[in-house]
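For the numbers below, each heavy atom of this structure counts, side chains included, while hydrogens, waters and symmetry mates do not.
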Amino acid sequence: MKKILLSLTAILSSAVMTAQDVSQFKQLDDSLFASTPAYQNGNRYQRDAMLFVDMLADTHPYYIKKERRDILFARQDDLLKACAACGSDTAFVSLLRNTLGDLRDKHTDIIDMQQLKAVRQAAAEKAEAQADTLSDALMAYKGDLFHYVIVPEAKVCYLQFNRCMDARTMRDTSLPRWDKLLDEMFSKMKNDGITTLVVDAQYNNGGSSSLCDELLVRLRPYAELRNFSTALRFSRLMAAYNPRIAAAKTAWESQGHIDELYTIPSGKTPPQFVQPELFGGKVIFVQGAKTFSSAGMLMTLARDNNIGTIVGSTSTYTPSHYGEVLPFRLPNTGVVGSVSCKFFARPDTAHVDDKTLEPDTTLDLTDKEKAWQAILDMIKAD
């Protein structure tokens, strides 16, 4: 059973990654609600609202608890009444988002395609307008995935880590490789006698956490790193992406695991893994309002493994969080969205339910030059 589940979760991750083309999003059409009079007599918004609530209750780890599902379904009557008078997809999306209630999960969302197109167009125009006006300040966003700067007079290396993506994760050889940059950077740090590494993730809203791991194993031995524990919720939507999940779901529940998440066993050290040389100096991590997802995991693991200090602002992410998104499409309106199917619990179990990660030192990041000077002053004071 364990071997089957491990292989299925690996397959699932691959399947979801290939589903980023909206045309490949799985359509919600397997709900028991579809055969009820309320569904048959409802307008298109009411029908999709019922399918959405049913999917959310069946898929998201937060709703593994019956009492939480009961609260969700109790909201459905008011949702259906509001949908009866709904006049646009934009209004419908807003109603569904309101139904999420207390769920703190930015990975679970509903998308208004018209709004999305407008937002993307505005973002593209803004990026084009700002392309020639990027600040020279060291901590200002430079528009790339990542880069580093050696500041020899301060014995500091500044690493701007903007996305957890590289040539390998994007399958694009025109992009730089994160592991190669780290090899080069730590080699130069050693040769130049660098004593402090500043990892700036204030612009990083996530990607692949494997890149964060490649940095962390250079700061702590792999064997000593405490990592997130991961729990998976089987669902009909998950099975739609891989039919073998349905068999695993049946087997799991037949063993009596009703309303229970499946804890994925911790990974073992890869056979080919070679422990990189460790950096023995000070490490400062920078987080801001845009630090999210895998970058938030990096900050949390740094805190829970006592790696350096964190400066910046209070996190907009929760240290323990939901993730591994499953895209979906509502059949009557064509509205699309995503829902999490995994729960990632931070290593520090005493603070597993914390809603934010507070920095060790609050730092105003709006003025980049002043922020950098504040970091240099901190380094000198130690």
Side-chain angles (χ1 to χ4, degrees), residues 1-19 25-36 50-74 76 100-105 107-108 209 226-271 297 318-328 337-350 352-353:
M1 176 68 176
K2 182 184 292 185
K3 291 178 65 177
I4 293 175
L5 291 173
L6 286 173
S7 64
L8 287 177
T9 53
I11 292 169
L12 175 66
S13 297
S14 175
V16 174
M17 289 301 294
T18 60
F25 284 19
K26 297 302 180 183
Q27 185 166 289
L28 302 183
D29 55 9
D30 60 351
S31 172
L32 296 177
F33 279 105
S35 61
T36 64
M50 283 185 262
L51 297 179
F52 172 75
V53 169
D54 183 44
M55 179 278 300
L56 194 62
D58 183 65
T59 306
H60 201 286
Y62 178 81
Y63 290 109
I64 195 72
K65 295 184 177 181
K66 183 180 182 302
E67 58 269 26
R68 292 176 179 172
R69 295 198 299 274
D70 289 343
I71 293 173
L72 176 65
F73 282 116
Q76 184 167 267
L100 296 176
D102 298 331
L103 182 62
R104 290 173 58 90
D105 176 17
H107 290 104
T108 297
S209 60
R226 297 195 302 159
N227 215 323
F228 285 83
S229 59
T230 307
L232 170 71
R233 186 176 184 193
F234 293 115
S235 67
R236 298 191 303 272
L237 179 59
M238 186 186 296
Y241 279 98
N242 190 303
R244 284 187 289 171
I245 291 287
K249 180 177 186 293
T250 299
W252 180 243
E253 293 175 350
S254 67
Q255 295 176 10
H257 301 293
I258 306 299
D259 289 351
E260 184 178 340
L261 301 177
Y262 171 72
T263 299
I264 298 175
S266 300
K268 296 181 179 180
T269 303
M297 294 176 74
T318 54
S320 297
H321 63 281
Y322 302 101
E324 193 78 28
V325 299
L326 298 174
F328 64 86
S338 61
V339 59
S340 295
C341 64
K342 286 183 180 179
F343 176 63
F344 299 90
R346 67 185 297 182
D348 184 357
T349 56
V352 72
D353 293 324

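- Annotation for Ile258: atom CD1 counts as buried by contact number, over 12 foreign heavy atoms lying within 6.0 Å.
- When Thr59, Leu51, Val53, Asp58 are each tested for a side chain to side chain contact (heavy atoms under 4.5 Å, CB included) with Met55, only one passes: Thr59.
- Applying the side chain to side chain donor-acceptor pair (under 3.5 Å) test to Gln27 and every residue at least two apart in sequence or in another chain returns nothing.
- Between atom CZ of residue Arg226 and atom OG of residue Ser266 there is a gap of 12.5 Å, rounded to the nearest 0.5 Å.
- The minimum heavy-atom distance between Pro347 and Asn227, with the atom names listed, is CG-O, 3.3 Å.
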Begin with the C-alpha distance, continue with both residues' side-chain angles, and end with the deciding distance and a verdict on side chain to side chain contact (heavy atoms under 4.5 Å, CB included) for Lys342 and Ile264. CA-CA 10 Å; Lys342 286 183 180 179; Ile264 298 175; 3.9 Å; yes
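- Residues passing the salt bridge (charged side-chain N to carboxylate O under 4.0 Å, His left out) test with Glu260, sequence neighbours excluded: none.
- In this structure, Leu232 and Leu261 have side chains that are not in contact, with every pair of non-hydrogen atoms separated by 4.5 Å or more.
- Residues forming a ring-ring contact (aromatic ring centres under 6.0 Å, His included) with His107 (at least two apart in sequence, or on another chain): Phe292.
- For the pair Met238 and Ser235, the tightest heavy-atom approach, listed with the atom from each and the gap, is N-OG, 3.1 Å.
- Residues passing the side-chain contact (heavy atoms from CB on, under 4.5 Å) test with Ala57, sequence neighbours excluded: Arg69, Leu72, Phe73.
- Residues satisfying the ring-ring contact (aromatic ring centres under 6.0 Å, His included) criterion with Tyr322, sequence neighbours excluded, are His60, Phe343.
- Nearest heavy-atom pair, Phe344 versus Glu324, reported as atom, atom and distance to 0.1 Å: CE1-N, 4.3 Å.
- In this model, a donor atom of one side chain and an acceptor atom of the other lie less than 3.5 Å apart for Ser340 and Asp105.
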Test Phe328 against Lys26 for side chain to side chain contact (heavy atoms under 4.5 Å, CB included), laying out the working first. CA-CA 5 Å; Phe328 64 86; Lys26 297 302 180 183; 5.8 Å; no
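- Residues satisfying the salt bridge (charged side-chain N to carboxylate O under 4.0 Å, His left out) criterion with Arg233, sequence neighbours excluded, are absent altogether.
- For Lys65, the salt bridge (charged side-chain N to carboxylate O under 4.0 Å, His left out) test picks out no residue, with sequence neighbours left out.
- For Asp29, there are no side chain to side chain donor-acceptor pair (under 3.5 Å) partners two or more places apart in sequence or in a different chain.
- Scanning for side chain to side chain donor-acceptor pair (under 3.5 Å) contacts around Ser31 gives Asp54, with sequence neighbours left out.
- The distance from the CZ atom of Phe25 to the OH atom of Tyr241 is 6.0 Å, given to the nearest 0.5 Å.
- Remark: Tyr62 pairs with no residue by the ring-ring contact (aromatic ring centres under 6.0 Å, His included) rule, at least two apart or across chains.
- In this structure, the salt bridge (charged side-chain N to carboxylate O under 4.0 Å, His left out) partners of Asp30, at least two apart in sequence or on a different chain, are Arg236.
- By the ring-ring contact (aromatic ring centres under 6.0 Å, His included) test, Phe228 pairs with His321, sequence neighbours left out.
- Put simply, the side chain of Ser320 gets close to the backbone of Val352: a donor and an acceptor are under 3.5 Å apart.
- Note that the OG1 atom of Thr108 and the CG atom of Leu56 stand 7.0 Å from one another [nearest 0.5 Å].
- Here the side chain of Tyr63 pairs no donor or acceptor atom with the backbone of Asp70 at under 3.5 angstrom.
- Distance check, rounded to the nearest 0.5 Å: CE of Met50 to CZ of Phe33 gives 7.5 Å.
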